[in-house]
Amino acid sequence: MENAEVVAMLGEIADLLELTDENPFKVRAYRRAAQVVDTLPVPVAELVRKGELAGLPGVGTHTAERITQFVGAGTCDELERLRGKVPSGVMELLRIESVGPKTAALVWKQLGITSVDALEEAALSGRLSELPRMGAKRSEAIASAVTRHRSRKGRVPLHRALPYAEDLVDRLRAIPGVKQAMAAGSLRRRKETVGDLDLLVSSTNPERVVAAFPKLPGVATLLAQGPTKSTVRLRVGLQVDLRVLHPESFGAALHYFTGSKAHNIAVRTRALHRGLKVNEYGVFDAKGRRIAGEREEDVFRAVGLPWIPPELREGLGELEAAEAGRLPELIEEEDLRGDLHVHSEASSDASSSLLELASAARGFGRSYLAITDHSRSRPLGLDDARLWEHLHTIRWMDQELRGRPHLLAGIEVDILPNGSLDLGDEVLSELDCVVASVHSRFNMSSEEMTERIVRALRTGLVHVLGHPSGRLIGSRDPYPYDLERVLEVAREQGVALEVNAQPERLDLTDQACRLAKQAGVKLVISSDSHNAQHLENLRYGVWVARRGWLEAGDVLNTLPLSELRRRFRRPRRAPSWSHEAPGTSP
DNA sequence: GCCGTTTTCGGCCCGACTGTTTTCAGTCG
């Protein structure tokens, strides 16, 4: 039972309750519980087993009962009871923009509409506009929303959205009268995917900004416009919300629109307890006087907290940590001294030479670089003999470079389905940095995959477990494995887990980083570059690490090379006289 | 349905925009 299934169940109950016109606070309670389970770093089934469910915030006795029943039986009475009252097609109507529970229930009860197709037909034929508070414009809006619904793409990976946000912010800053412009929302929190862009501007002349915004390059359609707010869709499909504020409110708005929702509710609730009110215009005391708003840190100070970095604002204990003075000192990109997972043209799927990689790394200020090409199971990957040769080339190049940067001889060795490594012990034990990764047979059971990884970690030859879950954002799910068990063995073996910074991977995830830290396992942040430009991608890994509450001390490639080498030293397994390679004697 | 620095009962974050109304309900973030 995946947590996502429980989240879906709780969300479905909330939707069904809304459609049956239940108490909105009950609806909200289910939504909150769903969110809590969604951000849970451990399997919810495990909490069920331990009887710890009701200890979660927002999960009381009733919700705990529903979850327990659902985990055991795959459904629960409350869900089935509600499903019996609402046709399933009506549920799908809620996924359509501008159609909420009231509208869905209205068209269902008044017109007998129970499918998206029927809704579209009613909108186009004019039947829809005969309903109360339904006119021609709404019908039209619903019809076009149905079209978009059918071709909907989900959330966009951060690295795709970021350039659009940066470009728009630059253009907004150039509008006369604009004092500040920033991107907020999940983009500022550096979430791995972004739903839409939230842009904020402070200006003494809001009308001018709102008027200029829809005319910016890349904008396809204007969706909504008021005196201080404008919503557009870009040609690439991204929706962008713009809010214009007076400078005295900019900090409060920045805080509010950065979210997350859970974080905001926690801050507002905290403010209420102190007799204060927080909205996007500021923090106000009981007499309605503004006591903060211009700067974000003032908003936090007004509710008795230090400034909290956006990456932590997920409602996952950051307020409590801030209150106790125990916020982590989050890792920064500048803390990273090297990159421990880089492919050269010696791997079939990579394109840069050692020299190109070295000079690019120097440009990014890295002092060391591990060259980790693929092993023989991958097409044209290195076998033992070619790796010996490659190793000597790297050593030679390292001498030539004189530490600008240092090159480490490494490998990304496949973990074969039986858990053994794809190359011989002799050559592996000679390398400075062995990254071991799963690249095949993703469809094993969780037990088999866990055993496979555990066996690899126990060879005593592995320094780093590469992209531990194998996922590709939006295209390949992580393979199932028992993270806690892997962490346990990684700690026992002194193996680090990789935060793969390839923006399509971001693997480990933020939550898994936090668990690894709690389990006492070290991490590395690696670019997995396949050409020299990719070396820049480390920043995406840093953002994941920050969202996982990591500090510089949790990440091994913040260490100077000498200390890193000490960490990576291991007892020799094979006698060192046996691995003379062909053609490599001095 | 959840929860307690005002509460074991009675509250629950807050505001902008649209469309359809003629004062506001619904949706969204």
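The shown structure was predicted, so the numbers you read here are calculated from the model rather than taken from an experiment. Order of the sequence lines fixes the chain letters, A, B, ..., with proteins taken first and strands second; residue numbering starts at 1 for each chain.
- When the P atom is compared between B:dC28 and B:dT22, the two are found 24 Å apart, to the nearest whole Å.
- Separating the P atom of B:dC17 from that of B:dC13 is a span of 23 Å, rounded to the nearest Å.
- With respect to A:Glu314 and A:Arg547, a salt bridge is recorded, a charged nitrogen being found less than 4.0 Å from a carboxylate O.
- At the heavy-atom level, A:Asp198 lies under 4.0 Å from the strands shown only through sugar-phosphate atoms.
- Residue A:Tyr256 is in base contact, counting any heavy-atom pair closer than 4.0 Å across all strands shown.
- Looking only at atom types and distance, the side chain of A:Asp77 has a donor-acceptor partner in the side chain of A:Gln69 under 3.5 Å away.
- Out of B:dT18, B:dC12, B:dA25, the shortest distance to the side chain of A:Arg133 is found at B:dA25.
- Put simply, CZ on A:Phe257 is 10 Å from C1' on B:dC14, counting in whole angstrom units.
- Nucleotides B:dG1 and B:dT6, compared at atom P, are 27 Å apart to the nearest Å.
- Between A:Arg326 and A:Glu320, none of the side-chain N atoms (NZ, or NE/NH1/NH2) sits under 4.0 Å from a carboxylate O, so this pair counts as no salt bridge.
- Using P as the reference atom, B:dT8 and B:dC3 are 16 Å apart when rounded to the nearest Å.
- Using a 4.0 Å heavy-atom cutoff across all strands shown, A:Arg270 reaches no nucleic acid atom at all.
- In this structure B:dT27 sits in a base pair with B:dA16, meeting the Watson-Crick or G-U test at under 3.5 Å.
- Proximity note for A:Arg138 (side chain, C-beta onward) versus B:dG15, B:dG19, B:dC13: the nearest is B:dG19.
- The shortest distance between the side-chain N/O atoms of A:Thr228 and the OP1/OP2 oxygens of B:dC17 is below 4.0 Å.
- The one candidate from A:Ile142, A:Thr114, A:Val99, A:Ile113 that meets the side chain to side chain contact (heavy atoms under 4.5 Å, CB included) condition with A:Val107 is A:Ile113.
- In summary, A:Arg28 and A:Glu22 do not engage in a salt bridge, as defined by a charged side-chain N under 4.0 Å from a carboxylate O.
- Comparing A:Lys26 and A:Glu280 by the nucleotide of DNA chain B that holds the closest heavy atom to each, the one mapping nearer the 5' end is A:Lys26.
- For A:His62, the listed nucleotide lying nearest its side chain is B:dC2; candidates were B:dC2, B:dG19, B:dC14.
- Rounded to whole Å, the P atom of B:dT20 lies 14 Å from the corresponding atom of B:dG26.
- Between atom CD of residue A:Glu92 and atom OG of residue A:Ser88 there is a gap of 8.5 Å, rounded to the nearest 0.5 Å.
- Note on A:Pro24: nothing from the nucleic acid sits closer than 4.0 angstrom, heavy atoms only.
- Counting only heavy atoms from C-beta on, A:Lys137 has its side chain closest to B:dG19 among B:dC17, B:dC28, B:dG19.
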Review item, nucleotides 4-10 of chain B N/O atoms under 3.5 Å of protein N/O:
none

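- The CZ-C1' distance, from A:Phe25 to B:dC13, rounds to 10 Å in whole Å.
- Using a 4.0 Å heavy-atom criterion, one finds that A:Val59 contacts the sugar-phosphate atoms exclusively.
- Side-chain atoms of A:Asp241 lie closest to B:dG29 of the nucleotides B:dG29, B:dG1, B:dA16.
- Which of B:dC13, B:dG1, B:dG29 sits closest to the side chain of A:Ile265 comes down to B:dC13.
- One interatomic measurement links the two molecules: CE of A:Met134 to C1' of B:dT27, which rounds to 11 Å at whole-angstrom precision.
- For the pair A:Lys102 NZ and B:dG19 P, the interatomic distance rounds to 21 Å; values are reported in whole Å.
- Each of A:Thr61 and A:Arg243 was matched to the nucleotide of DNA chain B holding its nearest heavy atom; the match closer to the 5' end belongs to A:Thr61.
- Side-chain nitrogen and oxygen atoms of A:Tyr281 include none within less than 4.0 Å of the OP1 or OP2 phosphate oxygen of B:dC13.
- Remark: P of B:dC14 and NZ of A:Lys277 are 7 Å apart, rounded to the nearest angstrom.
- B:dC14 and B:dC9: their C1' atoms are spaced 24 Å apart (whole Å).
- You'll find the ring centres of A:His255 and A:Phe300 inside the 6.0 Å limit.
- In this structure, the CD atom of A:Gln239 is 13 Å from the C1' atom of B:dC17, given to the nearest Å.
- Using a 4.0 Å heavy-atom criterion, one finds that A:Val278 contacts the sugar-phosphate atoms exclusively.
- Residues A:Glu192 and A:Arg155 are not paired through a salt bridge, judged by the lack of any N-O separation under 4.0 Å between the basic side chain and the carboxylate.
- Rounded to whole angstrom, the span from the CG atom of A:Asn279 across to the C1' atom of B:dG15 amounts to 8 Å.
- When heavy atoms are screened at a 4.0 angstrom cut-off, A:Thr231 is found touching no nucleic acid atom at all.
- In this structure, A:Asp15 and A:Arg31 have side chains that are in contact, with non-hydrogen atoms separated by less than 4.5 Å.
- Contact annotation for A:Ala262: no contact, since no heavy-atom pair falls under 4.0 Å across all strands.
- Residue A:Pro57 is in sugar-phosphate contact alone, with no base atom involved, counting any heavy-atom pair closer than 4.0 Å across all strands shown.
- Taking atom C1' on both nucleotides, B:dT23 is separated from B:dT18 by 15 Å, rounded to a whole Å.
- Note: CG (A:Leu106) to P (B:dT20) measures 13 Å, nearest angstrom.
- Remark: the separation of the C1' atoms in B:dT7 and B:dC2 is 13 Å, to the nearest Å.
- The existence of a salt bridge linking A:Glu18 and A:Lys26 is excluded, since no basic side-chain nitrogen approaches an acidic carboxylate oxygen closer than 4.0 Å.
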